Amino acid sequence: MTRLRKVVFPVAGLGTRFLPATKVVAKEMLPVIDRPLIQYAVDEAIDAGADTLVFVTNRYKHSIADYFDSAYELEETLEHAGKLELLAMVQGLLPKHVRCVYVTQEQALGLGHAVLCTKAVIGDEPFGIILPDDLIVNDGGPSALRQMAQRASDGRTGVLAVEEVPHADTGKYGIVDVEAGGDRIRHMVEKPKPEDAPSNLAVVGRYVLPARIFELLEKTTPGAGGEIQLTDAIAALLGESRVLAHRFDGHRFDCGSKAGMVRATLHFAARDPALADLVRGFNKAG
Ligand code: UTP
């Protein structure tokens, strides 16, 4: 297993699908019940062994840094009120050995560009990437990123989380073509039309990549949508390193979409003793 000490969270997108809320609230701070999306993502990174969390933010996303910072007044008030469980909760968002690093992406030039902004922080080691709006749950089992770290046996192998999607949806994803009977990726293309897609195997928001990807990103010119695409740099990596498609154990909620956010909320509500009856009653009424 490759130890992923550093995990990148690119959170500098505009979040247009959740406007007007995302005019002032970072998409990653939208809660599923009472925990923001970013908390689920960070927990997954720590499960995979991370001790350095690298957030790619912009000037509108200070709330993410505030969220992980200590909140002196709140903590003192909770302590005086004897609300010690709540105090432990707000103080325990991150284990003590974990640190946060914030990198600014001045312009939203694309996911590939956002990752390139972390080059100096990552240095020369393999690292993970989590897109927090893809929330992946694997009840009781290892997290998706941990599964991927286990497959990245050396510092050069890349691993991408993949999932089958309806053929009609290939235009929303990076789509991979894998070798017959195996997992090695031969070819990858960003957001192909269904008639041009090499398969219906879509890359979702988890990556394990070698540091070499930064040099390839530096050479990457704007691609689909005029953005610097991580997919294009990974396509270049395929020519020189093994990159595996990992069909993860678990269930993904696309919390970048409203439907996915509602599904994730129902999933967690149905598992919460205080809310499960409400979900059952609601389903019957519907
Ligand atoms: P999305 O394509 O989901 O875009 O980005 P978005 O801005 O977050 O949301 P919509 O589509 O407008 O609603 C995929 C991931 O890449 C990050 C986003 O924050 C998200 O995690 N990203 C994208 C950046 O960090 N910088 C960019 O320039 C573009």
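All values reported here derive from a predicted model rather than from experimental measurement. Indexing begins at 1, ligand by ligand and atom by atom, following the structure's order.
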**Item:** Listed partners of F214 passing ring pair (Phe, Tyr, Trp, His ring centres under 6.0 Å), at least two apart
**Value:** F127

**Prompt:** Are the side chain of T220 and the backbone of L216 linked by a donor-acceptor contact shorter than 3.5 Å?
**Reply:** yes

**Message:** So does V115 get a backbone contact from the side chain of T118, meaning a donor-acceptor N/O pair under 3.5 Å?
**Reply:** yes

**Prompt:** What residues form a ring pair (Phe, Tyr, Trp, His ring centres under 6.0 Å) with Y67, not counting sequence neighbours?
**Reply:** none

**Prompt:** Listing by chain and number, which residues have a heavy atom under 4.0 Å from ligand 1?
**Reply:** P10, V11, A12, G13, L14, G15, T16, R17, K27, E28, Q105, A108, L109, G110, L111, A114, D133

**Prompt:** Less than 4.0 Å between a side-chain N and a carboxylate O, is that true for R3 and D51?
**Reply:** yes

**Asked** Got a sec, which residues hit side chain to side chain donor-acceptor pair (under 3.5 Å) with T231, two or more places apart in sequence or on another chain?
**Response** E190

